[in-house]
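Data first, discussion second: the structure below is written as structure tokens.
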2 protein chains.
Amino acid sequence: MSLATINVSGERAAVFALLADPLRLRIVELLAAEEMCTCHLIDETGAKQTTVSHHLRILRDAGAVTTTEVGKFTWYRLAPHLLGALAADLSELADSAEQAGRHRLPCAP
Amino acid sequence: MSLATINVSGERAAVFALLADPLRLRIVELLAAEEMCTCHLIDETGAKQTTVSHHLRILRDAGAVTTTEVGKFTWYRLAPHLLGALAADLSELADSAEQAGRHRLPCAP
DNA sequence: AGTATACATCAACCTAGCCTGATATGAAGC
DNA sequence: GCTTCATATCAGGCTAGGTTGATGTATACT
């Protein structure tokens with residue numbers, strides 16, 4: 001596998017990893033519906049404050065969310081194109097899987 | 001958060017987790033292009049046989065791939081609708097994120 | 001029958017990542 | 001200025017999961 005391929009798969013895998021935790025995926029789903037501040041997310045998920053803050057940091061570090069601070073509240077919204085790009089990638093993958101010829105390569109050691 | 005919601009997010013997160021490892025994602029990408037046997041996947045990825053076998057087991061257990069045994073070879077193909085369903089879910093999420101009204105809920109403790 | 005090949009499983013190790021209690025920071029209100 | 005509230009960070013414990021060498025199990029070949 002080429003280095004480029006490793007990197008591409010690695011970067012995409014990193015974005016999938018963002019969605020691979022149930023609580024973090026739930027947070028992303030909530031933010032997909034509307035902008036929310038940390039207190040809402042704690043309320044809606046029922047998770048501890050530190051836990052929610054931990055996952056928000058992961059999403060922030062990955063550039064998946066942006067923040068606006070208003071007084072003592074911090075508002076989170078989804079970064080616009082990250083999910084869209086991933087959805088496009090995944091759809092393309094699913095399509096090629098659908099249309100892939102089912103011929104078998106020779107097994108020639 | 002309701003139990004149902006936990007489960008839904010949990011199941012979806014589990015599918016995303018399948019794609020969250022670079023090597024496993026690479027394997028899925030390769031299988032999206034054509035049916036392959038283990039030896040091809042080892043070749044293409046450059047990973048050790050046991051490592052590839054380990055990831056194939058995870059994909060098998062999750063129902064993401066199906067196998068056909070031909071002699072001493074095992075052919076893997078992607079399960080047809082798993083990726084498609086996930087792509088649809090993700091696109092829906094991305095769309096709602098795009099169209100979400102940017103009003104802010106009150107923060108009323 | 002004996003050997004080689006393809007693949008799976010096992011056991012052990014190691015790292016990444018999640019959860020949490022304690023603590024820090026910083027804005028609001030009195 | 002002190003307290004309160006919202007949120008972030010830190011440090012520690014624990015678990016899940018990735019990698020790997022050794023080993024098991026078929027199948028194919030001679």
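By convention in this document, chain letters (A, B, ...) are assigned in the order of the sequence lines, proteins followed by strands, and residues within each chain are numbered from 1. All values below come from the heavy atoms of this structure, side chains included, with hydrogens, waters and symmetry mates left out.
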Spacing of [X] atom [atom1] relative to [N] atom [atom2], expressed in whole Å:
| X | N | atom1 | atom2 | answer |
| --- | --- | --- | --- | --- |
| B:Asp21 | C:dT15 | CG | P | 17 Å |
| A:Phe73 | C:dG26 | CZ | P | 18 Å |
| A:Ile42 | D:dA6 | CD1 | C1' | 8 Å |
| B:Asp43 | C:dT5 | CG | C1' | 14 Å |
| B:Met36 | C:dA6 | CE | P | 15 Å |
| A:Glu69 | C:dT25 | CD | P | 15 Å |

> Does A:Arg24 make a side-chain N or O approach to OP1 or OP2 of C:dC18 shorter than 4.0 Å?
Replying inline: yes
>> Would you say A:Thr38 places a side-chain N or O within less than 4.0 Å of OP1 or OP2 belonging to D:dT7?
In response: yes
> Got a donor-acceptor contact below 3.5 angstrom from the A:Ser91 side chain to the A:Ala87 backbone?
Replying inline: yes
> Within the distance-only criterion (no hydrogens, no angle test), does the side chain of B:Thr45 pair as donor or acceptor with the backbone N or O of B:Leu41 below 3.5 angstrom?
Replying inline: yes
Distance-only donor-acceptor hits, side chain of residues 54-63 of chain A, under 3.5 Å, sequence neighbours excluded:
| unit_1 | atom_1 | unit_2 | atom_2 | d |
| --- | --- | --- | --- | --- |
| A:His55 | ND1 | A:Arg24 | NH1 | 3.2 |
| A:Arg57 | NH1 | A:Asp61 | OD2 | 2.8 |
| A:Arg60 | NE | A:Tyr76 | OH | 3.4 |

Could you pull out the protein-nucleic contacts involving nucleotides 21-30 of chain D (nitrogen or oxygen on both sides, under 3.5 Å)?
| unit_1 | atom_1 | unit_2 | atom_2 | d |
| --- | --- | --- | --- | --- |
| D:dG21 | OP2 | B:Lys48 | NZ | 3.2 |

> By a strict heavy-atom criterion of less than 4.0 Å, which residues belonging to residues 53-66 of chain B are in contact with DNA chain D?
Replying inline: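 Heavy-atom contacts with DNA chain D come from B:His54, B:His55, B:Ile58.
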Pairwise side-chain contact, [X] with [Y], heavy-atom cut-off 4.5 Å (strictly under):
| X | Y | result |
| --- | --- | --- |
| A:Leu25 | A:Leu18 | no |
| A:Arg12 | B:Glu29 | yes |
| B:Ile42 | B:Thr51 | no |

>> Once you apply a heavy-atom cut-off of 4.0 Å, does B:Thr51 come out as touching a base, just sugar-phosphate, or nothing?
In response: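 B:Thr51: base contact, heavy atoms under 4.0 Å.
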Taking atom [atom1] of [X] and atom [atom2] of [Y], what is their separation to the nearest 0.5 Å?
| X | Y | atom1 | atom2 | result |
| --- | --- | --- | --- | --- |
| B:Phe16 | A:Asp21 | CZ | CG | 12.5 Å |
| A:Glu69 | A:Cys37 | CD | SG | 12.0 Å |
| A:Thr67 | A:Arg77 | OG1 | CZ | 10.5 Å |

